[in-house]
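Shown next, in structure tokens, is the structure this report addresses.
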Amino acid sequence: MHFCLDVENGAEYKTHKDKEWLDLTPFNPSNQLVSVGLAQHVNGVWDDAKYFCINHSSEPSYPDGKSIIQNYLDTCTLLVGHNIKHDLKWLYSCGFTYDGKVWDTQLAEYILQRGAKKPLSLAVLAEEHDLPRKKSDLIQNYMDRRESFYNIPWEVIEEYGKADVVSTCALYDLQNVRMAESSHLIPTAKMSNDFLQVLVKMEIHGVAIDQDALDAVEDAYKERQTELDRSLHERVYQVMGDVPVNLNSPDFCSELFYSRRVVDKRRWKHLFNIGTDSRGKALKPPLLNPRQFTRIVRTNTTILKIPKVETCNVCGGVGSIDKLTRQGAPYKIPPKCAKCDGSGVILIPTSASAGLRLSPMSTVDTSAAGFRANKTTLLKLRDTAKNDFVKSFIDDFIELSAISTYLSTFVNGINKFKHDNILHTNLNQTITATGRLSSSSPNLQNMPRGFTFPVKKCFVSRFEDGSIIEADYSGLEFRMAGHLSGCPSVRRYVEEGIDPHAFTRDFINNFDSNLPSITRQEAKADTFKPLYGGSSGSPRQRAYYAGFLKEHHGVAEWHEALKKEAIRTKMVRLPTGREYVFPYATRLPNKYVNQTTQIVNYPVQGFATGDVVPCGIIATDRLFKQRGLRSLLILTVHDSIYVDTYPGEEEEVMECLNIGMLSIDEMFQEFYGINMSFPLAIEIKEGPNAFEMKEVR
DNA sequence: CCGTCTACGTA
DNA sequence: CGTACGTAGACGGA
């Protein structure tokens with residue numbers, strides 16, 4: 001029996017650090033499940049949606065609503081919904097159970113879009129395909145007034161909610177037709193929907209937070225932040241004089257480091273092609289030789305001077321002026337002095353140069369406010385710095401910037417989103433162009449790497465004497481590039497146990513012994529660059545990139561084949577059937593193929609982290625269930641799985657990870673009917689928290 | 001108030 | 001012509 005389902009729920013506006021955000025989750029005790037709408041597929045058509053009140057301020061709850069819904073779920077074999085992960089989280093959190101399959105119309109639409117990042121809301125899709133519409137205008141006023149669904153009149157909710165179900169049913173019917181026309185996408189849709197059900201569990205489990213550990217790390221960071229802030233402000237005063245200081249401001253930092261002020265920001269942006277394209281990617285800077293670059297910089301900036309502070313001669317230092325209203329009364333808030341902008345002082349430039357006088361080297365160093373003050377640019381220019389004052393300033397500034405991010409994004413992020421010491425991140429399936437997950441609220445995919453980041457001490461087991469176990473695929477993207485391309489040399493590297501990143505490191509370090517050597521971690525970027533169509537860099541990097549494609553010539557040949565496929569079909573298809581569209585793939589007169597870097601990257605990224613890893617996670621989840629483990633899957637970060645391990649289950653959890661994550665061949669047979677016999681390997685770490693992890697043999 | 005830009009971090 | 005992401009703060013135009 002097939003059903004289509006949609007829930008409505010209460011949502012609370014929350015405040016954290018003066019910022020407001022809407023909490024829609026079932027994990028917030030002030031949010032309630034308000035209603036459930038259900039339509040049933042009978043004799044090939046959807047019946048009229050039934051609508052149940054669960055919790056509402058004025059409407060009595062539907063008599064036996066919960067058990068009626070549970071009875072439907074018990075007979076259901078396919079549950080359809082738009083963004084059904086949200087509905088399932090609510091149902092499970094309210095005690096409902098469901099064992100059948102799901103079909104998320106949003107997820108299916110995402111797969112049908114083939115990497116084109118177009119809107120996926122039910123409203124837009126209904127409009128686009130001329131389906132029965134959502135009735136968003138019914139609730140718009142209530143939403144604007146921030147009325148909770150719990151308080152919106154019941155008749156309105158019922159009409160709105162039923163319309164959502166009807167709209168979703170129609171979209172599902174249409175998708176059946178479109179999927180039949182592109183039947184190679186069906187296995188990906190089915191796998192993704194199975195994966196969705198594991199993700200629901202992961203999000204509900206969440207990560208347990210040790211608040212004391214988090215507070216301790218926060219205190220340590222804040223102490224260091226205060227010290228760096230004080231010391232940097234002192235030094236800024238020496239080189240800038242008595243000016244307003246904001247080390248978070250790109251505008252101020254540009255002037256501080258480069259001693260120049262942009263005359264006309266609009267013209268500056270135009271000159272250096274600063275901005276983002278329709279997909280949010282940075283535009284390419286213009287090609288200028290050093291002479292042209294220097295000339296443009298000189299003619300469009302003024303040199304900054306240390307100002308002398310004088311009392312404002314208009315307001316006499318008060319900052320406001322004695323102006324009366326038309327009625328002759330004084331203003332409640334006296335108008336600001338226009339001359340000094342309310343500061344009471346005016347700054348007269350002297351002949352002394354201000355700032356740290358770094359010289360930008362090229363267009364890549366420019367930004368909208370002038371010049372970039374990020375880690376890479378500053379480290380690059382640090383070598384050209386005239387004295388130790390500048391060098392140590394740069395070091396301390398870089399450390400402060402990092403600590404500020406750690407505190408504002410990560411420490412605050414955890415505190416902002418956790419519910420009762422459990423952090424339920426969102427694992428989003430329909431965001432990326434490639435098919436991998438994204439993570440939000442908070443983003444747990446961009447935490448600094450484990451052993452470098454003490455904040456991870458707060459990620460602990462919820463079980464007394466429990467532990468955190470993490471398993472990740474070794475060199476997955478490199479291996480899958482080898483599988484997809486059939487490159488014999490990549491396969492040989494894997495079979496002979498050659499570490500590709502160590503190889504890269506040694507190649508680059510042996511190229512010229514006079515240059516500083518790089519670490520294995522740093523070499524990773526160089527391994528991936530040629531794999532994803534990159535070729536520019538320093539002489540030793542370029543030599544390595546050329547060497548990579550010569551060594552792994554199968555990869556180079558595959559890149560050419562992919563480009564041809566993209567030009568011919570405007571599409572690239574993976575062995576799993578997943579597709580990506582490249583509508584502008586053409587060969588330009590200079591032989592370069594538009595969108596090359598995406599054409600060669602998407603298949604590897606998508607296959608490895610969008611097809612292989614989800615299959616490994618589904619398999620691991622099945623093993624946990626079969627063995628009745630109490631340990632919980634709690635997170636995945638692209639090529640890794642985290643488990644909150646129940647004490648005593650450590651060995652069995654590691655066994656499940658080993659079997660599950662390495663059963664891709666079987667999983668691919670099941671979902672896609674294809675072989676994936678390329679050798680895979682995983683590494684397993686265990687610890688009392690996500691910081692103190694030790695590799696387990 | 002909202003979009004753009006910069007910066008931080010990850011695989 | 002490495003790719004893919006999310007979040008916070010500053011800024012600037014409505």
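Just so we're clear, the structure is a prediction, and the values are computed from it rather than from any experiment. Labels below follow one simple rule: chain letters A, B, ... track the order of the sequence lines, proteins then strands, and each chain is numbered from 1.
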Touch class at under 4.0 angstrom, heavy-atom based, for A:Thr276 against every strand present: sugar-phosphate

Atom-to-atom span, CZ of A:Arg436 to C1' of C:dG6 - whole angstrom: 13 Å

Residue-level proximity of residues 248-258 of chain A to DNA chain C when a heavy atom falls under 4.0 Å: A:Asn248, A:Ser249, A:Asp251

Atom pair distance, as rounded to whole Å: NZ in A:Lys281 and P in B:dT6: 16 Å

Nearest-nucleotide pick for A:Lys117, side chain only, options being C:dA8, C:dT3, C:dC5: C:dC5

Side chain of A:Ile431 (C-beta onward), nearest among C:dG6, B:dT4, C:dC11: C:dG6

Contact residues, residues 438-453 of chain A to DNA chain C [heavy atom, < 4.0 Å]: A:Ser438, A:Ser439, A:Ser440, A:Ser441, A:Asn443, A:Asn446

Aromatic plane relationship, A:Phe507 with A:Phe511 - under 30° parallel, 30 to 60° tilted, over 60° perpendicular: parallel

Spacing of A:His638 atom NE2 relative to C:dG6 atom C1', expressed in whole Å: 10 Å

A:Ile274 side chain, from C-beta outward: closest of B:dC8, B:dC5, C:dT3: B:dC5

Partner nucleotide, any strand, of C:dT3 [Watson-Crick/G-U, under 3.5 Å]: B:dA11

Sugar-phosphate, base or nothing in reach of A:Thr596, heavy atoms under 4.0 Å: nothing

DNA chain C contacts made by residues 359-378 of chain A, counting heavy atoms under 4.0 Å: none

Pairing of A:Glu218 and A:Lys222 as salt bridge, 4.0 angstrom limit: yes

Residue-phosphate contact under 4.0 Å: A:Ser536 side-chain N/O, C:dG2 OP1/OP2: yes

Interatomic distance, A:Leu247 CG vs C:dC11 C1' [rounded to whole Å]: 17 Å

For atom CG of A:Asp277 and atom P of B:dT4, their distance in whole Å: 11 Å

Ring centers of A:His483, A:Phe607 separated by less than 6.0 Å: yes

Sole residue of A:Thr609, A:Leu199, A:Thr432 in side-chain contact (heavy atoms from CB on, under 4.5 Å) with A:Leu437: A:Leu199

Test: A:Asp499 and A:Arg520 ion pair at under 4.0 Å: yes

Whichever of A:Gln605 and A:Gln595 has its nearest DNA chain C nucleotide further upstream toward 5': A:Gln595

Atom-pair distance (CG on A:Asp472; P on B:dT10), nearest Å: 15 Å

A:Tyr406 vs B:dG9: side-chain N/O to OP1/OP2 distance below 4.0 Å: yes

Atom pair distance, as rounded to whole Å: CD in A:Gln541 and P in C:dG2: 10 Å

Contact under 4.0 Å: A:Lys529 side-chain N or O vs C:dT3 OP1/OP2: no

Gap between atoms CG and C1', on A:Leu531 and C:dA4 respectively (whole Å): 14 Å

Under-4.0 Å side-chain N/O to phosphate OP1/OP2 contact, A:Lys265 with C:dG12: yes

Sugar-phosphate only, base, or nothing, as touched by A:Glu477 at under 4.0 Å among non-hydrogen atoms: nothing

Side-chain donor or acceptor of A:Ser249 paired with backbone N/O of A:Asp251 under 3.5 Å: yes

Salt-bridge present (A:Lys89, A:Glu203; N to O < 4.0 Å): yes

Short N-O contact, A:Asp365 and A:Arg372, less than 4.0 angstrom: no

Any A:Tyr602 side-chain nitrogen or oxygen under 4.0 Å from OP1 or OP2 of C:dT3: no

Presence of salt bridge, A:Arg146 and A:Glu20, under 4.0 angstrom: yes

Carboxylate-amine/guanidinium proximity below 4.0 Å for A:Glu227 and A:Arg224: no

Side chain proximity check, A:Arg479 to A:Phe678, heavy atoms < 4.5 angstrom: yes

Any donor-acceptor N/O pair, A:Asp104 side chain to A:Asn83 backbone, under 3.5 Å: yes

A:Arg261 with A:Glu255: basic N within carboxylate O range, under 4.0 Å: yes

Sugar-phosphate only, base, or nothing, as touched by A:Gly413 at under 4.0 Å among non-hydrogen atoms: nothing

